[in-house]
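The block underneath contains the structure these notes are about, expressed in structure tokens.
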Amino acid sequence: MFHVKQMTKEENQERLSKLKKIVQRLPEKPGSYQYYDEEGTIIYVGKAKNLKSRVSSYFHTEVDRFKTKVLVSKIHDISYTVVNTEEDALLLENSLIKKYNPKYNVLLKDGKTYPSICITNELLPRIFKTRTINKKWGTYYGPYSHISSMYAVLELINKLYHPRSCRQPITSEGIEQGKYQLCLEYHIKNCQGPCVAKQSVEAYRKNIEQAREILKGNTREVLKNMRSEMEKLAEELRFEEAEEIKRKYLLIDNFVSKSEVVSHTINNVDVVSITNDEKTAYINYIHVANGAVNQSFTFEYKKRLEETDEELLALGIVEMRERFHSDAKEIILPIELDLPLEGITITVPQRGDKRTLLELSQMNGKQYKVDRLKQAEKLNPEQKQTRLMKELQDKLRLPKLPYQIECFDNSNISGTDAVAGCIVFKGMKPSKKDYKKYNIKTVEGPDDYASMKEVVRRRYSRMIEEGTPLPDLIITDGGRGQMEVVREVIQDELNIDIPIAGLAKDNRHRTNELLYGFPPMTIALKTDSELFHVLTRIQDEVHRFAITFHRDERSKHQLHSELDEIKGIGPKTKDDLLKHFKSVKRIKEADSEEIEEIVGASKAQIIFNHFNT
């Protein structure tokens with residue numbers, strides 16, 4: 001078993017003194033700094049406009065971020081690299097993080113598993129999807145996070161240009177010498193036979209170049225050239241060739257109209273947005289060329305310290321522009337960012353097409369976050385329950401996670417057979433073994449408020465006496481009135497502190513609002529959210545439970561009522577009769593001989609006379 005050596009106070013003072021001396025010697029220039037642990041391993045890489053100012057900020061006594069304090073406690077040495085510009089510092093930071101993967105830097109969850117489209121470096125290039133990137137073999141477009149978009153592009157290219165799908169290496173000499181044979185793809189018109197000179201190498205390669213432009217997003221340029229060529233062929237009366245180009249033109253035009261999301265006046269622009277949760281940041285990147293989105297990708301960063309949105313966006317922008325070889329001179333962002341990239345304009349749009357693009361990027365980031373969450377929750381269902389409990393805790397500002405939730409409902413008809421039910425949800429799931437049924441004992445007539453008080457008083461008085469853990473939240477099936485009577489018992493009578501919420505229904509008997517507080521206030525909650533559906537399920541469940549219990553009690557009462565009126569017939573005789581005949585109606589219809597077989601002659605005569613007099 002290994003033991004971690006703890007530093008003495010003197011050793012720690014010596015460590016800090018050494019580090020502060022290094023900090024005093026740092027230049028006031030832009031650059032990247034690296035922190036090392038006791039083993040000499042890089043644990044953090046940062047960038048700075050002013051190295052001395054930035055690094056010294058870590059060692060100020062007023063640093064209040066817990067994770068930063070933890071990082072500082074692990075630093076045993078500091079090195080730095082001076083560069084000419086902030087842009088170089090940013091690029092260097094990004095490069096070092098990827099190279100050393102330091103413990104306390106954000107972790108880029110790479111998207112290399114997403115497929116790309118490859119155009120090979122061959123005499124007759126092939127076009128196909130792949131997840132393996134080897135730039136020796138060809139040019140790669142992507143990666144595509146939306147697989148359906150990739151297949152749509154491939155389908156369009158195959159319909160337009162019929163690139164070969166065979167893998168055999170083809171050379172000019174081989175074509176001239178007739179080494180190759182036509183395959184099935186030619187006969188079913190998926191290939192035009194360039195291997196046997198049915199299509200010239202020049203024509204084939206021209207098609208591939210047009211396919212490249214489509215993959216780059218330059219569809220408008222392709223359409224413009226095709227239109228010019230089509231008009232020229234028509235003037236020369238070469239109508240069949242013009243018709244073939246028209247077919248291709250319409251295919252591309254239809255594809256563009258489906259994929260177009262902004263005005264074609266916007267060209268060569270990057271859009272970057274960020275979506276956060278406690279541990280992860282999702283940074284979406286969109287590239288727009290010729291008015292159409294031709295690239296959309298979301299990166300996932302695992303946070304190590306309390307990184308700000310500005311820090312994460314700066315890292316994301318550098319990573320994505322490098323990954324996708326972007327030369328866009330404008331970047332659209334959701335917040336102002338002092339980004340040291342020369343010749344780049346930062347835009348934070350408030351309206352118009354650029355705002356639409358930013359909203360599209362944010363929507364993609366949020367959707368990616370939701371998809372990742374669902375994927376994780378499928379593998380671990382408890383994660384979903386915890387998320388919903390945390391969401392409810394945040395909405396109501398509860399002191400602790402609402403693991404155990406209890407809900408009450410009354411049921412009676414004009415005050416008769418008055419009952420109540422209490423259901424229990426644990427971890428957002430029903431715990432049926434903990435459900436309780438209550439016959440109302442102290443209330444005469446139909447008084448729901450008094451009935452609710454009785455049941456709540458009985459339940460929690462007993463739980464206090466027995467030392468049973470109290471619930472984290474009580475939900476009443478009703479509005480402000482029901483909440484108030486529960487509060488009177490819980491807080492005023494029993495002097496215990498349990499949060500109380502209410503679910504109110506509209507005039508069509510549909511749950512429409514969540515109430516909380518004193519006095520009760522409506523809590524904003526979308527009616528199509530998962531949390532609202534769970535709360536509605538709790539309300540439906542307690543209503544079902546109370547109604548079922550009430551029906552059972554009413555049925556027992558009705559079954560036994562007429563037999564109870566017969567003098568000389570006790571409980572044992574009544575049970576024997578009901579067990580045999582199943583209902584009072586059948587007892588009424590039976591003759592005395594049938595009844596006599598069950599209860600004897602004297603009792604049979606009494607029962608028969610009662611029903612037939």
Side-chain angles (χ1 to χ4, degrees), residues 385 402-463 468 470-471 473-479 481-483 485-486 489 498 500-512 514-515 532-564 571 574-575 577-579 581-586:
Q385 294 152 20
Y403 174 75
Q404 183 170 325
I405 299 173
E406 298 189 354
C407 188
F408 296 87
D409 190 21
N410 299 319
S411 186
N412 68 78
I413 297 176
S414 302
T416 63
D417 301 304
V419 298
C422 171
I423 67 159
V424 180
F425 268 53
K426 291 183 177 178
M428 290 298 181
K429 295 193 297 186
S431 178
K432 296 198 174 183
K433 65 183 176 67
D434 296 310
Y435 286 15
K436 295 293 180 187
K437 299 172 181 177
Y438 295 91
N439 284 300
I440 305 300
K441 297 176 179 178
T442 63
V443 181
E444 295 293 333
D447 188 337
D448 280 346
Y449 288 169
S451 299
M452 181 66 74
K453 276 190 169 184
E454 179 193 321
V455 172
V456 172
R457 188 182 297 115
R458 284 166 59 186
R459 177 163 181 79
Y460 296 115
S461 297
R462 182 167 183 173
M463 289 178 82
T468 309
L470 296 169
L473 177 67
I474 295 172
I475 296 179
T476 65
D477 178 36
Q482 291 279 22
M483 288 177 67
V485 297
V486 173
V489 176
I498 304 174
I500 301 160
L503 286 169
K505 294 188 176 181
D506 57 21
N507 53 12
R508 285 189 269 179
H509 209 64
R510 291 185 303 193
T511 306
N512 71 332
L514 173 66
L515 303 169
F532 188 83
H533 290 156
V534 173
L535 295 174
T536 305
R537 184 186 170 199
I538 291 174
Q539 190 177 35
D540 292 342
E541 176 67 1
V542 74
H543 189 62
R544 178 201 66 78
F545 184 62
I547 287 287
T548 304
F549 179 38
H550 179 250
R551 283 175 183 157
D552 291 345
E553 291 301 300
R554 197 170 77 234
S555 297
K556 287 179 188 176
H557 176 75
Q558 288 172 339
L559 281 172
H560 290 269
S561 61
E562 291 193 68
L563 295 177
D564 289 340
K574 286 184 284 185
D575 287 344
L577 286 167
L578 288 170
K579 190 174 180 181
F581 289 103
K582 306 300 183 188
S583 70
V584 176
K585 183 184 176 185
R586 288 185 180 177

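Keep in mind that this is a model prediction, so the values were computed, not measured.
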Handout entry: Residue pair Cys407 / Ile538: nearest heavy atoms and the distance that separates them
Key =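 Shortest heavy-atom contact: CB-CG2, 3.8 Å.
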Exercise for the section: Work out which heavy atom in Ile423 is nearest to a heavy atom in Val542; give both atom names and the distance. Expected result: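 Smallest interatomic distance, heavy atoms only, reads CD1-N, 3.7 Å.
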Are any of the side-chain heavy atoms of [X] and [Y] separated by less than 4.5 Å?
X	Y	value
Val455	Phe408	yes
Leu473	Ile498	no
Gln404	Phe425	no
Thr468	Arg462	no
Phe545	Lys432	no

Handout entry: Derivation and outcome, salt bridge (Lys or Arg N to Asp or Glu O under 4.0 Å), residues Arg458 and Glu454
Key = CA-CA 6 Å; Arg458 284 166 59 186; Glu454 179 193 321; 2.8 Å; yes
Practice task
Using the side chain to side chain contact (heavy atoms under 4.5 Å, CB included) rule, pick out the option among Val485, Val486, Ile474 that qualifies with Val456.
Solution key: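 It is Val486, the one option of Val485, Val486, Ile474 that forms the side chain to side chain contact (heavy atoms under 4.5 Å, CB included) with Val456.
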Practice task
Verify the neighbour count for atom CZ of Arg586: are there more than 12 heavy atoms of other residues, nucleotides or ligands below 6.0 Å?
Solution key: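 Atom CZ in Arg586 is not crowded, with 12 or fewer foreign heavy atoms closer than 6.0 Å.
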Problem - side-chain contact (heavy atoms from CB on, under 4.5 Å) between Ile405 and Met428, worked out - result: CA-CA 8 Å; Ile405 299 173; Met428 290 298 181; 4.3 Å; yes
Practice task
Mind checking the CG-CD spacing from Asp409 to Gln539? Nearest 0.5 Å is all I need.
Solution key: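 Nearest 0.5 Å value for the CG-CD distance: 8.5 Å.
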